[in-house]
Amino acid sequence: MPELPDVEVFRRYLGSTALHKKIKKSHLLDDRLLENAGHQQVVRRLNGNRFQSTDRHGKYLFVHLKDGWTLVLHFGMTGFLKYYKYKEDASEHAKLIIDFANGYHLSYDNQRRLGRIDLTESIGDFVKEQDLGPDVMSDDFDQERFLELLKGRRGTIKGALMNQSVMAGVGNIYSDEALFQAGIYPGRPVEKVKSAEQKKLFRTLRRVLSIAIDKQVDPSRFPRGYLLPNRKPGADCPRCGGKIRKATISGRSAYYCARHQRK
DNA sequence: AATATTGTTCAGCA
DNA sequence: GTGCTGAACAATAT
């Protein structure tokens, strides 16, 4: 579930809780999420250190340490962060627990093994290695760049939005929402999406992500006319009274309105 | 009890 | 090489 808005909410959460506090001890409870960094390397790097600032690129969270290194977290489909005081409040599937000198703890929880814990010295290098496209919410990601990235692309518009090498941050849920609001059928080939529609899609996508962040990714707080709070087959479309349908598009379950999303 | 879910990776194909 | 699709992966809910 964690797409760009979810990870941004995690980033702010960490920023308002765990920043600048002295790390007494760290516990890495599952080595299977490591890719480049080794167990000892992570633990030693964190112990005695401090979180200084945070960044995000797409669905990746970067936590800069005081010594210049950066902790990298990816949340897969089930990951989240929790800051808590009492040990008995520890989350159930904690993979990494940080004990702070103030007695509080921060845990990275991930029920499944899809996710990642890593260290890097440079976000730029990491992004390059992962072959990530520009972050969809970054200031220099504009309409021109969006159109440029879609140009010449084969496959579906939904597939292009979800492709992290094209642009980083959008997954199944928010690609559905953006296409729903832009009135474009998710399975439409990219080259069949007219320039005016692409421009509208860009604006819609940015607005959707921005509102999702504002509303703390709680669908019940989303404005009227959003697909997400009622994303299931057979539901009534909150925009036009059509029916919500489900189809497999670019390998994922796409939900769309059969009436107002033009093929 | 089979199926759906979610994001990323990778084999395979055009 | 490139880029896209679809299967595989984990672990749970329905």
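Proteins come first, then strands; the chains are lettered A, B, ... in the order of their sequence lines, and each starts at number 1.
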Next item on the list: From the options A:Val166, A:Leu149, A:Asp140, select the one residue that forms a side chain to side chain contact (heavy atoms under 4.5 Å, CB included) with A:Pro134.
Entry: A:Leu149
Next item on the list: Quickly, which of A:Ile249, A:Val193, A:Leu179 forms a side chain to side chain contact (heavy atoms under 4.5 Å, CB included) with A:Arg188? Name it, please.
Entry: A:Val193
Notebook entry, point to check: Among all residues two or more places apart in sequence or in another chain, which pass the side-chain contact (heavy atoms from CB on, under 4.5 Å) test with A:Ser175?
Noted result: A:Lys158, A:Leu161, A:Met162, A:Val170, A:Asn172
Next item on the list: Applying side-chain contact (heavy atoms from CB on, under 4.5 Å), name anything that partners A:Asp139, two or more places apart in sequence or on another chain.
Entry: none
Kindly compute the distance separating [atom1] ([X]) from [atom2] ([Y]), expressed to the nearest 0.5 Å.
{"X": "A:Phe75", "Y": "A:Asp109", "atom1": "CZ", "atom2": "CG", "answer": "10.5 Å"}
{"X": "A:Lys21", "Y": "A:Asn49", "atom1": "NZ", "atom2": "CG", "answer": "15.0 Å"}
{"X": "A:Phe51", "Y": "A:Thr70", "atom1": "CZ", "atom2": "OG1", "answer": "11.0 Å"}

Pick out the pairs of N or O atoms, protein on one side and nucleotides 9-14 of chain B on the other, that lie under 3.5 Å.
from  : atom 1 : to       : atom 2 : distance (Å)
B:dT9 : OP1    : A:Gln130 : OE1    : 3.4

In whole Å, I'd like the distance from the [atom1] atom of [X] to the [atom2] atom of [N].
{"X": "A:Asp30", "N": "C:dA11", "atom1": "CG", "atom2": "P", "answer": "9 Å"}
{"X": "A:His93", "N": "C:dT12", "atom1": "NE2", "atom2": "C1'", "answer": "9 Å"}
{"X": "A:Lys232", "N": "B:dT5", "atom1": "NZ", "atom2": "C1'", "answer": "15 Å"}
{"X": "A:Ile157", "N": "C:dT5", "atom1": "CD1", "atom2": "C1'", "answer": "17 Å"}
{"X": "A:Leu34", "N": "B:dT8", "atom1": "CG", "atom2": "P", "answer": "18 Å"}
{"X": "A:Met162", "N": "B:dT8", "atom1": "CE", "atom2": "P", "answer": "10 Å"}
{"X": "A:Gln164", "N": "C:dC4", "atom1": "CD", "atom2": "P", "answer": "14 Å"}
{"X": "A:Asn163", "N": "C:dT2", "atom1": "CG", "atom2": "P", "answer": "14 Å"}

Notebook entry, point to check: Are the side chains of A:His93 and A:Arg112 in touch, meaning some heavy atoms are under 4.5 Å apart?
Noted result: no
Notebook entry, point to check: Below 4.5 Å, heavy atoms only, C-beta onward: do A:Glu148 and A:Glu144 meet side chain to side chain?
Noted result: no
Could you give the side-chain donor-acceptor pairs of residues 79-90 of chain A under 3.5 Å, partners two or more places apart or in another chain?
from    : atom 1 : to       : atom 2 : distance (Å)
A:Lys82 : NZ     : A:Asp89  : O      : 2.5
A:Tyr83 : OH     : A:Asn102 : ND2    : 3.3

Margin query: Check the orientation of A:Phe146 and A:Phe202. Use parallel for under 30°, tilted for 30 to 60°, and perpendicular for over 60°.
Written below: tilted
Taking N or O atoms only and anything under 3.5 Å, show me the protein contacts with nucleotides 6-10 of chain C, one pair per line.
from   : atom 1 : to       : atom 2 : distance (Å)
C:dA10 : OP1    : A:Arg113 : NH2    : 2.8
C:dA10 : N1     : A:Arg112 : NH1    : 3.1
C:dA10 : N3     : A:Arg112 : NH1    : 3.2

So which protein nitrogen or oxygen atoms get under 3.5 Å of nucleotides 2-4 of chain B's nitrogens or oxygens?
from  : atom 1 : to       : atom 2 : distance (Å)
B:dA4 : O3'    : A:Lys246 : NZ     : 3.3

Next item on the list: For B:dT8, take OP1 and OP2 only and decide whether either is under 4.0 Å from a side-chain N or O of A:His74.
Entry: yes
